[in-house]
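Read the structure below first, then the notes.
None of the values given here were measured: they were computed from a predicted structure. When reading the values below, keep in mind they use all heavy atoms of this one structure, side chains included, and skip hydrogens, waters and symmetry mates. So that the names make sense, note that chain A is the first sequence line, chain B the second, and so on, each numbered from 1.
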2 protein chains.
Amino acid sequence: MSEVDIFKALADPTRRAVFERLADGEKNATELREGFSLSQPAMSQHLAVLRSAGLVAEQKSGRHVHYRVNPDGLAQLHQWLHRYRAFWPQRVDELKQLLREMDQ
Amino acid sequence: MSEVDIFKALADPTRRAVFERLADGEKNATELREGFSLSQPAMSQHLAVLRSAGLVAEQKSGRHVHYRVNPDGLAQLHQWLHRYRAFWPQRVDELKQLLREMDQ
DNA sequence: CCGATACATAAGCATAGACTTATGTTAGTC
DNA sequence: GACTAACATAAGTCTATGCTTATGTATCGG
């Protein structure tokens, strides 16, 4: 997993939509396809990209494979963004709000 | 400028390196090429991508064009990441440190 | 154990993207 | 006003990538 992989993985709109779905809760590959007009292999390939980027994790259960958000990828992305914190001072208030939420 | 544009722009290692350079300080297109083995048009095209993604801003000055980091792009990226804050609680301490730095 | 289900993998194709050389345009220099 | 420097844009090429169909491999139900 590297920054390159993460940005490349999220550059594709379909993969971002898949990731968004997983943020709502764990789902298997078939459930993830609902609503998308995508072949099964296409989804499988997208999931492989997200997985190798460290953005999602898989867990096999019988013949199903459950996917969920892997915090590692987001943490990596956050760390990258953090390097440029000097350029977004206008977001301090939002961050403070975030911390208040997290402290609860 | 959209999320797609931002992730696509940052997916390319060269463009991320260019962006990183600009974070050190404003530079023109010729200065940015130093150290890279890239043709002038290639750099120009990369800058166009970063610009249309809202990640850099340009300012013409004579026959030079000065580029600098545009906070809007980073803000957009930060906002996207913020939607998934539930998945990175382990970074609370880093964020608190960040806010302490920013408050100074 | 046999068909169906839930995937992954392989191979082929068509478009997108990163690069090149060539050229255009505007601003400084003499 | 020619010449050069600092860019942008155009056109062509080659590779990466996202998709498809076809196939392989477990697992579950009857």
Identify whether any heavy atom of B:R15 sits under 4.0 Å from a base atom; if not, whether one sits that close to sugar-phosphate; answer base, sugar-phosphate or nothing. sugar-phosphate
Restricting both atoms to N or O, compile the protein contacts to nucleotides 4-7 of chain D shorter than 3.5 Å, with distance only.
from  : atom 1 : to    : atom 2 : distance (Å)
D:dA5 : O4'    : B:R63 : NH1    : 2.9
D:dA5 : N3     : B:R63 : NH1    : 3.4
D:dA6 : O3'    : B:R63 : O      : 3.1
D:dC7 : OP1    : B:V65 : N      : 2.7
D:dC7 : OP2    : B:N28 : OD1    : 3.3
D:dC7 : OP2    : B:T30 : N      : 3.0
D:dC7 : OP2    : B:T30 : OG1    : 2.6

Among C:dA22, D:dG18, D:dT20, the nucleotide that comes nearest once only the side chain of B:P41 is considered: C:dA22
Begin from the C-alpha positions of A:D5 and A:L55 and carry the test side-chain contact (heavy atoms from CB on, under 4.5 Å) through to its verdict. CA-CA 10 Å; A:D5 298 326; A:L55 284 161; over 6 Å; no
Between C:dC7 (P) and A:M43 (CE): distance, integer Å: 11 Å
Can you measure B:F36 atom CZ to C:dA18 atom C1' for me and round it to whole angstrom units? 14 Å
Regarding A:R83 and B:E20, does a basic nitrogen lie under 4.0 Å from an acidic carboxylate oxygen? yes
Can you get from B:L77 to B:V49 by hopping between Ile, Leu, Val, Met, Phe, Trp and Tyr side chains that sit under 4.5 Å apart? no
Taking the six-membered ring for Trp, are A:F87 and A:Y84 parallel (under 30°), tilted (30 to 60°) or perpendicular (over 60°)? tilted
Are any of B:S39's side-chain N or O atoms less than 4.0 Å away from OP1 or OP2 of C:dC19? no
Over how many whole Å does the gap from A:H46 atom NE2 to C:dC7 atom P extend? 16 Å
In whole angstrom, what separates B:D5's CG from C:dA16's C1'? 14 Å
Write down the distance between CD (A:Q45) and C1' (D:dT21), rounded to a whole number of angstrom. 11 Å
Write down the distance between NZ (A:K60) and C1' (D:dT27), rounded to a whole number of angstrom. 9 Å
Are the side chain of B:R51 and the backbone of B:V56 linked by a donor-acceptor contact shorter than 3.5 Å? no
With five pairs defining each end axis, the helix from C:dC1-D:dG30 to C:dC30-D:dG1 comes out bent, to 10°, by 20°
Between A:V69 and A:F19, is there a side-chain heavy-atom distance shorter than 4.5 Å? yes
Worked verdict on B:Q40 versus B:R33 for side-chain contact (heavy atoms from CB on, under 4.5 Å): CA-CA 7 Å; B:Q40 175 267 318; B:R33 276 187 62 201; 3.3 Å; yes
Do A:R15 and A:L47 make a side-chain contact, defined as non-hydrogen atoms from C-beta onward lying under 4.5 Å apart? no
Take the protein atom CZ of B:F7 and the nucleotide atom C1' of C:dG17, then report the distance between them rounded to whole Å. 19 Å
Closest to the A:R51 side chain: C:dA18, C:dC19, C:dA8? C:dA8
Heavy-atom check, side chain of B:Q59 versus side chain of B:Y67, under 4.5 Å: no
Just how far, in rounded Å, is C1' of C:dT15 from NZ of B:K8? 11 Å
